[in-house]
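The structure under discussion appears below in the form of structure tokens.
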Number of protein chains: 2
Amino acid sequence: MKIGELSKTSGCSIQTIRFYEKEGLLSDPERTEGNFRLYDVTALKQLEFVKHCRSLDISLIDIKRLIDLKNKPEESCSSVNALIAQQLALVKKRMKELKALKNELQQMASTCNSDNTIEGCGIIKSLDS
Amino acid sequence: MKIGELSKTSGCSIQTIRFYEKEGLLSDPERTEGNFRLYDVTALKQLEFVKHCRSLDISLIDIKRLIDLKNKPEESCSSVNALIAQQLALVKKRMKELKALKNELQQMASTCNSDNTIEGCGIIKSLDS
DNA sequence: ACTTGACTCTATAGTTACTATAGGTTTTAC
DNA sequence: GTAAAACCTATAGTAACTATAGAGTCAAGT
């Protein structure tokens with residue numbers, strides 16, 4: 001299949017596919033005589049692997065590491081484990097931050113009386129302090 | 001004070017201060033004869049306003065909007081309210097996403113037996129599916 | 001008076017993960 | 001045969017900074 005079909009099948013935009021290729025996350029595809037990229041099911045699977053990792057917010061560099069690890073099936077998977085654990089720690093940290101944000105924003109929102117002018121606005125006041 | 005002192009007092013890096021100025025979040029400061037930026041307490045307050053907004057993950061564009069609103073003290077503060085509400089919605093949405101991420105990552109992590117090889121690694125398997 | 005070092009200046013490039021565009025080529029359908 | 005659709009590469013833009021290069025300014029010490 002050509003890139004347009006891969007794009008539709010995978011749900012990745014054409015530019016994103018070309019971008020992943022340039023970043024080394026997808027192997028260089030075959031080309032037609034006219035230089036069009038040609039993909040097979042293996043390429044689709046590669047792309048879906050990347051997509052799944054991205055949906056977990058794993059960075060492109062880490063995805064590359066995972067791909068490299070995948071290609072060494074006999075090695076220990078402790079590095080895979082470590083990578084996922086690190087990702088999990090990152091997510092937990094961000095969640096904690098967002099929780100604090102949410103609290104402050106809710107607190108602020110509650111101080112705003114929408115009949116008021118900006119002059120007396122509780123939100124602006126709390127941002128100023 | 002000069003930019004170095006403002007940087008230390010505020011906790012913002014020098015480059016960030018210059019960047020905020022270029023983006024119009026801080027008013028253009030006085031200059032010494034030798035073209036060094038000169039700040040006063042007002043500038044420090046402006047910077048702290050920006051910093052506080054950023055700590056709430058409010059985008060620079062929205063901070064600019066808030067600053068513009070601050071300068072119209074007689075207007076209704078409903079737009080301020082709307083902006084904060086929108087920010088809150090954003091944070092809530094991201095929290096929901098992260099919660100789902102966390103669950104999947106935890107689920108994945110639990111399938112990894114660190115004695116195993118990559119070949120049999122449950123994490124890689126779930127990423128492949 | 002001179003030099004050294006700390007501080008500042010502007011302008012530019014790099015970061016992440018894409019998205020969008022320009023300008024050109026190839027293929028497909030009628 | 002031609003027009004539209006799909007494809008190609010290369011480059012610039014996004015957000016919010018951070019880092020660098022190369023130059024100018026200023027204060028202290030000799």
Side-chain angles (χ1 to χ4, degrees), chain A residues 1-26 28-39 43 46-67 83 86-87 90-91 94 97-98 101, chain B residues 1-26 28-39 43 46-67 83 86-87 90-91 94 97-98 101:
Chain A
M1 64 184 124
K2 281 181 289 182
I3 198 167
E5 199 185 331
L6 181 65
S7 169
K8 264 174 204 154
T9 315
S10 66
C12 280
S13 79
I14 290 179
Q15 293 102 303
T16 299
I17 295 172
R18 291 200 276 242
F19 171 71
Y20 285 163
E21 178 188 327
K22 208 177 60 178
E23 296 296 304
L25 300 172
L26 303 174
D28 288 357
E30 302 288 311
R31 299 280 184 143
T32 65
E33 241 176 78
N35 202 32
F36 284 17
R37 288 171 178 80
L38 270 187
Y39 298 100
Q46 275 180 24
L47 183 52
E48 275 170 349
F49 180 85
V50 173
K51 237 195 128 188
H52 194 175
C53 290
R54 285 299 300 139
S55 80
L56 294 166
D57 251 13
I58 298 174
S59 71
L60 297 192
I61 278 196
D62 281 347
I63 297 175
K64 217 168 169 179
R65 283 193 197 116
L66 284 174
I67 291 172
L83 203 151
Q86 198 192 347
Q87 186 66 22
L90 216 114
V91 167
R94 187 64 186 145
E97 286 169 7
L98 284 184
L101 280 194
Chain B
M1 61 183 130
K2 281 181 288 181
I3 200 167
E5 201 185 331
L6 181 64
S7 169
K8 264 175 201 151
T9 316
S10 66
C12 281
S13 79
I14 290 178
Q15 295 103 301
T16 299
I17 295 172
R18 291 201 274 243
F19 171 69
Y20 285 164
E21 178 189 327
K22 209 179 56 175
E23 298 296 304
L25 299 172
L26 304 173
D28 287 358
E30 303 288 310
R31 299 280 185 142
T32 66
E33 240 176 81
N35 201 32
F36 285 16
R37 287 170 179 81
L38 271 186
Y39 298 99
Q46 276 180 24
L47 183 51
E48 276 170 348
F49 181 85
V50 174
K51 236 194 127 188
H52 194 176
C53 290
R54 285 299 299 139
S55 80
L56 294 167
D57 252 15
I58 297 173
S59 71
L60 297 193
I61 278 196
D62 280 347
I63 297 176
K64 218 168 170 179
R65 283 193 196 115
L66 284 173
I67 292 171
L83 203 151
Q86 196 191 348
Q87 187 66 22
L90 216 115
V91 168
R94 186 65 186 143
E97 287 168 8
L98 285 184
L101 282 193

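Chain A is the first sequence line, chain B the second, and so forth, proteins listed ahead of strands; every chain is numbered from 1.
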Please determine whether a side-chain nitrogen or oxygen atom of Arg37(A) lies at a distance below 4.0 Å from atom OP1 or OP2 of dC7(D).
no
Tell me whether the side-chain N/O atoms of Tyr20(A) come closer than 4.0 Å to OP1 or OP2 in dC18(C).
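Looking at the OP1 and OP2 atoms of dC18(C), one of them is under 4.0 Å from a side-chain N or O of Tyr20(A).
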Go through residues 48-62 of chain A and report each residue with a non-hydrogen atom lying under 4.0 Å from DNA chain C, sorted by number.
Arg54(A), Ser59(A), Leu60(A)
Any donor-acceptor pair under 3.5 Å from Lys64(A) side chain to Ser59(A) backbone
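Checked: no pair found.
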Is a side-chain donor or acceptor of Ser7(B) paired with a backbone partner of Ile3(B) at a separation under 3.5 angstrom?
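No, because the side chain of Ser7(B) does not come within donor-acceptor range (under 3.5 Å) of the backbone of Ile3(B).
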List the residues meeting side-chain contact (heavy atoms from CB on, under 4.5 Å) with Gln86(B), not counting sequence neighbours, and say none if there are none.
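Residues passing side-chain contact (heavy atoms from CB on, under 4.5 Å) with Gln86(B): none at all.
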Taken in chain and number order and not counting sequence neighbours, the residues that satisfy side-chain contact (heavy atoms from CB on, under 4.5 Å) with Thr32(A) are Phe36(A), Leu38(A)
Round to the nearest Å and state the distance from [X] atom [atom1] to [N] atom [atom2].
{"X": "Ile3(B)", "N": "dC7(C)", "atom1": "CD1", "atom2": "P", "result": "13 Å"}
{"X": "Met1(A)", "N": "dA6(D)", "atom1": "CE", "atom2": "P", "result": "17 Å"}
{"X": "Glu23(A)", "N": "dC18(C)", "atom1": "CD", "atom2": "P", "result": "10 Å"}
{"X": "Glu5(B)", "N": "dA6(C)", "atom1": "CD", "atom2": "P", "result": "18 Å"}
{"X": "Ile17(B)", "N": "dC17(D)", "atom1": "CD1", "atom2": "C1'", "result": "13 Å"}
{"X": "Glu30(B)", "N": "dC9(C)", "atom1": "CD", "atom2": "P", "result": "14 Å"}
{"X": "Lys22(B)", "N": "dT10(C)", "atom1": "NZ", "atom2": "P", "result": "11 Å"}
{"X": "Glu21(B)", "N": "dA16(D)", "atom1": "CD", "atom2": "P", "result": "18 Å"}

Looking only at heavy atoms, what is the nearest atom pair of Leu98(B) and Val91(A), with distance?
O-CG1, 3.6 Å
Looking at Glu21(B) and Asp28(B), what are the two nearest heavy atoms and their distance?
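Heavy-atom minimum between the residues: CG-OD1, 3.8 Å.
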For nucleotides 20-30 of chain C, give me one character per nucleotide, 5' to 3': B if any protein heavy atom sits under 4.0 Å from the base, S if the only such contacts are to the sugar-phosphate, - if neither.
B-----SSS--
What does the inter-axis angle of the helix from dA1(C)-dT30(D) to dC30(C)-dG1(D) come out as, five pairs per end, nearest 10 degrees?
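End-to-end axis angle: 30°.
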For residues Lys2(B) and Arg37(B), determine if any side-chain heavy atom of one lies less than 4.5 Å from a side-chain heavy atom of the other.
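No, too far: nothing below the 4.5 Å cut-off.
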Evaluate the side-chain proximity of Leu66(B) to Phe49(B): yes if any heavy-atom separation is below 4.5 Å, no if none is.
yes
List the residues meeting side-chain hydrogen bond (donor to acceptor under 3.5 Å, both in side chains) with Gln87(A), not counting sequence neighbours, and say none if there are none.
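Gln87(A): no side-chain hydrogen bond (donor to acceptor under 3.5 Å, both in side chains) contacts found.
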Which nucleotide wins on minimum distance to the side chain of Phe19(B), given the candidates dT10(C), dC17(D), dT8(C)?
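Closest nucleotide to the Phe19(B) side chain: dC17(D).
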Nearest-neighbour nucleotide for the Thr16(B) side chain, dC8(D), dC17(D), dT10(C) considered:
dC17(D)
Can you name the residues that form a salt bridge (charged side-chain N to carboxylate O under 4.0 Å, His left out) with Glu48(A), not counting sequence neighbours?
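By the salt bridge (charged side-chain N to carboxylate O under 4.0 Å, His left out) rule, Glu48(A) matches no residue at all.
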For residues 51-63 of chain B, which residue pairs qualify under salt bridge (Lys or Arg N to Asp or Glu O under 4.0 Å), counting only residues two or more places apart or in two chains?
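Passing the test, one end in residues 51-63 of chain B: Arg94(A)-Asp57(B), Asp62(B)-Arg65(B).
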Contacts under 3.5 angstrom, residues 13-20 of chain A side chains, donor-acceptor by atom type, not counting sequence neighbours:
| residue | atom | partner | partner atom | Å |
| --- | --- | --- | --- | --- |
| Ser13(A) | OG | Thr16(A) | N | 3.1 |
| Ser13(A) | OG | Thr16(A) | OG1 | 2.8 |

